[in-house]
Amino acid sequence: MSYVIEGSTGPWEVVIGLEVHAQVISNAKLFSGAATEFGAEPNTQVSFVDAAFPGMLPVINRECVAQAVRTGLGLDARINLVSRFDRKNYFYADLPAGYQISQYQHPIVGEGKIEIELADGSTRQIGVTRLHLEQDAGKSLHDQHPTKSYIDLNRSGVALMEIVSEPDMRSPEEAGAYLRKLRTILRYLGTCDGNMEEGSMRADVNVSVRKHGEPFRTRCEVKNVNSVRFVMQAIEAEAKRQVEVWEGGGMVEQETRLFDVPRGITRSMRSKEDAHDYRYFPDPDLLPLVLDEAWIEELRRDLPELPDTKRARFMAEYGLPAYDSGVLVAEQATADFYETVAKGRDAKLAANWVIGDFFAALNRTGRTIETSPVSAGSLGQLLDLMADKTINGRIAKEVLEAMVETGEEPAAIVEAKGLRQVTDTGAIDAAVDKVLAANADKLAEYKAGKEKLFGFFVGQVMKAMAGKGNPALVNETLKRKLA
């Protein structure tokens with residue numbers, strides 16, 4: 001079902017494109033050897049190049065180039081064998097050179113695509129226009145002094161990939177799905193950690209509205225949005241604002257806006273610049289970047305299995321439904337964890353336990369797969385204890401709780417707590433007889449045709465046996481005695 005905004009003149013379609021700035025995973029910056037570690041003391045990771053001292057010359061970081069090519073390959077995009085760096089001129093206190101080295105007309109990566117999955121199970125392909133490399137600016141700190149702004153140049157010169165989509169998205173949900181999928185691909189490739197809270201991935205959101213069938217109208221850019229949720233909220237807020245402007249007889253001005261999170265609105269930041277405003281020209285200190293096809297193929301061969309391929313394999317190899325596969329491949333660590341649990345076991349049961357009780361336990365304790373006290377091997381052992389009838393499913397949930405609390409192995413917990421499943425038919429017979437004797441009225445109702453009470457009797461017997469009765473044997477014994 002398409003997303004529309006209902007205005008006083010009828011429905012409006014929303015047109016969305018995203019420009020994502022993804023910080024390249026690299027130990028050094030794009031044109032200098034300075035470190036890139038997050039959270040260092042201000043101005044402790046700055047070279048003379050980053051601070052734009054006179055006479056300093058940029059030198060391209062080969063690993064940053066490789067990371068951009070890997071990302072392009074992961075986006076099924078064209079890799080341009082020749083690309084060029086330009087100077088993008090603008091003046092701000094945290095840009096010491098007065099220009100940013102970027103790529104404008106000749107980016108390193110051309111057209112690609114990303115397939116997104118939506119909540120209703122449908123998929124859509126979103127075009128990628130380009131990926132180009134550029135250096136980040138520094139950071140202005142306005143909250144350190146009542147009358148002064150401080151400058152931290154640690155980020156100055158850090159390598160960024162700007163990944164620009166086509167205006168192919170038509171709803172906040174699609175934009176959210178695109179951003180999540182892009183983040184997943186980058187993390188699988190190891191080219192960006194996707195940590196939006198730390199600013200290593202952020203999005204500029206281009207939004208316009210139009211009547212169905214119309215050409216595109218004027219767009220506005222909402223700058224530097226740092227979470228998927230805020231991107232979706234910003235789209236909704238900005239689209240509604242534009243509909244109100246058009247329907248009020250006004251004109252939407254092309255401009256850059258900011259998303260005011262507490263108020264849930266966008267507000268004007270500055271009029272939108274065009275390329276000529278930045279006076280781009282080729283950087284005279286950098287030669288064109290020429291790539292070798294054999295090197296690109298070498299990088300392609302070393303790519304990991306990517307989310308779409310892994311999802312298809314999980315469905316084919318493990319017989320999982322599309323939803324389960326999608327959840328499991330969303331993070332590489334989760335996919336690896338699942339495969340360890342599923343190896344040699346019931347794959348669907350393994351998926352149910354990983355997605356269900358295990359994820360619930362992580363959420364409840366504020367942990368992640370990486371910090372989980374329960375390893376994939378231990379969860380697999382828990383499934384083995386159910387498979388060999390040592391414990392039943394209800395007891396298994398109790399054991400998992402104890403595993404999360406203590407980090408102990410499941411077999412040790414079962415022995416220490418005396419949780420082994422009772423398969424002694426004599427003990428089960430005795431428990432059934434006791435329950436039937438204690439519930440003579442219910443027994444009479446059952447015999448009179450109220451067969452739904454069978455579940456009640458099962459529950460009472462399991463309760464009497466502290467949950468340790470073998471469910472199949474309990475059911476069998478009850479059926480025999482009730483007959």
Side-chain angles (χ1 to χ4, degrees), residues 18-54 56-61 64 67-68 85-104 107-108 130-145 148-164 192-193 195-205 221-226 256-259 269-275 277-283 285-286:
L18 295 180
E19 298 170 20
V20 175
H21 293 85
Q23 181 177 324
V24 175
I25 291 177
S26 163
N27 292 330
K29 295 180 181 180
L30 184 55
F31 298 113
S32 84
T36 57
E37 194 179 338
F38 178 78
E41 285 295 307
N43 296 308
T44 56
Q45 299 185 158
V46 189
S47 77
F48 290 141
V49 174
D50 309 323
F53 273 48
M56 293 297 106
L57 292 173
V59 179
I60 190 79
N61 179 338
C64 292
Q67 293 286 56
F85 286 99
D86 299 286
R87 289 187 181 179
K88 178 182 182 180
N89 294 273
Y90 65 95
F91 297 93
Y92 203 70
D94 57 23
L95 191 70
Y99 60 83
Q100 176 190 34
I101 302 177
S102 183
Q103 293 184 314
Y104 173 47
I108 188 168
R130 58 188 275 141
L131 176 157
H132 66 255
L133 277 168
E134 64 184 23
Q135 56 178 177
D136 205 354
K139 188 177 182 183
S140 298
L141 307 171
H142 304 296
D143 57 355
Q144 309 289 305
H145 190 278
K148 297 175 183 175
S149 287
Y150 290 180
I151 303 295
D152 176 11
L153 292 180
N154 279 353
R155 288 192 67 89
S156 179
V158 164
L160 299 178
M161 297 177 287
E162 182 169 335
I163 302 161
V164 183
C192 173
D193 65 21
N195 192 329
M196 297 187 85
E197 295 77 26
E198 292 181 0
S200 57
M201 184 171 159
R202 48 195 194 268
D204 297 341
V205 188
E221 179 181 49
V222 185
K223 199 82 177 160
N224 277 340
V225 190
N226 67 350
T256 300
R257 300 178 69 83
L258 292 173
F259 182 51
M269 179 186 179
R270 60 173 182 258
S271 61
K272 174 69 178 164
E273 300 89 343
D274 287 312
D277 293 319
Y278 289 119
R279 301 187 317 285
Y280 280 98
F281 64 87
D283 192 302
D285 294 333
L286 288 160

Query raised in the report: So which heavy atom on Asp193 is nearest to which on Asn195, and how close?
Result: OD1-N, 2.9 Å
Query raised in the report: What are the two closest non-hydrogen atoms of His142 and Ser149, and how far apart are they?
Result: ND1-OG, 2.7 Å
**Report entry** Check: Gln100 side chain, Leu95 main-chain N or O, donor-acceptor pair, under 3.5 Å
**Finding:** no
**Report entry** Heavy-atom closest pair, residues Lys148 and His145
**Finding:** N-ND1, 3.2 Å
**Report entry** Leu133 CG to Leu160 CG distance, which is reported to the nearest 0.5 Å
**Finding:** 9.0 Å
Query raised in the report: Just by distance, do the side chain of Asp283 and the backbone of Asp86 share a donor-acceptor pair under 3.5 Å?
Result: no
Query - Contact summary for Ala28 and Asn61, nearest pair of heavy atoms - result: O-ND2, 3.3 Å
**Report entry** Between Gln23 and Ser200, a side-chain donor and acceptor under 3.5 Å
**Finding:** no
Report task. May I ask you to test the Glu162-His21 pair for a side-chain heavy-atom distance under 4.5 Å? Result -> yes
Query - Presence of salt bridge, Asp204 and Lys223, under 4.0 angstrom - result: yes
**Report entry** Gap separating the NZ atom of Lys139 from the CG atom of Leu153, nearest 0.5 angstrom
**Finding:** 12.5 Å
Query - CG/Asn27: more than 12 non-hydrogen atoms of other groups inside 6.0 Å - result: no
Requested in this report: Give a yes or no on this: more than 12 heavy atoms of other residues, nucleotides or ligands lie within 6.0 Å of atom CZ of Phe281.
Outcome: yes
Requested in this report: Return yes when atom CD of Glu41 has more than 12 non-hydrogen atoms of other residues, nucleotides or ligands closer than 6.0 Å, and no otherwise.
Outcome: no
Query raised in the report: Quick one: are Ser156 and Asp136 in side-chain contact, heavy atoms under 4.5 Å?
Result: no
Report task. Evaluate the side-chain proximity of Leu30 to Ile101: yes if any heavy-atom separation is below 4.5 Å, no if none is. Result -> no
**Report entry** Inter-residue atom distance Asp50.CG - Gln135.CD, 0.5 Å rounding
**Finding:** 8.0 Å
Report summary line: The reported gap from CZ in Phe31 to SG in Cys64 (rounded to nearest 0.5 angstrom) is 8.5 Å
Query raised in the report: Do Val46 and Asn154 have side-chain heavy atoms sitting under 4.5 Å apart?
Result: yes
Query raised in the report: Do Tyr92 and Ser140 have side chains that get closer than 4.5 Å, going by heavy atoms?
Result: yes
Query raised in the report: Any side-chain heavy atom of Thr44 sitting closer than 4.5 Å to one from Glu37?
Result: no
Query raised in the report: Once the angle between the rings of Tyr90 and Tyr278 is folded into 0 to 90°, is it parallel (under 30°), tilted (30 to 60°) or perpendicular (over 60°)?
Result: perpendicular
**Report entry** Any Tyr104 side-chain heavy atom under 4.5 Å of Lys88 side chain
**Finding:** no
Report task. Of all the heavy-atom pairs spanning Ser102 and Glu134, show the shortest one and how long it is. Result -> OG-OE1, 2.9 Å
Query raised in the report: Within a strict 4.5 Å, meaning less than it, do heavy atoms of the Met201 and Val20 side chains meet?
Result: yes
Query raised in the report: So how far is it from Thr36 OG1 to Arg155 CZ, rounded to the nearest 0.5 Å?
Result: 9.5 Å
Query raised in the report: If only atom types and distance count, is the side chain of Ser47 paired as donor or acceptor with the main-chain N or O of Ala34 below 3.5 Å?
Result: no
Report task. Only counting residues at least two apart or in another chain, list the ones meeting salt bridge (Lys or Arg N to Asp or Glu O under 4.0 Å) with Asp285. Result -> Arg87
Query raised in the report: How many angstroms lie between CZ in Phe85 and CD1 in Ile108, if you round to the nearest 0.5 Å?
Result: 6.5 Å
Requested in this report: Could you tell me which non-hydrogen atom of Ile163 sits nearest to which non-hydrogen atom of Leu131, and how far apart they are?
Outcome: CG1-CD1, 3.6 Å
**Report entry** Donor-acceptor contact below 3.5 Å, side chain Lys29 vs main chain Gln45
**Finding:** yes
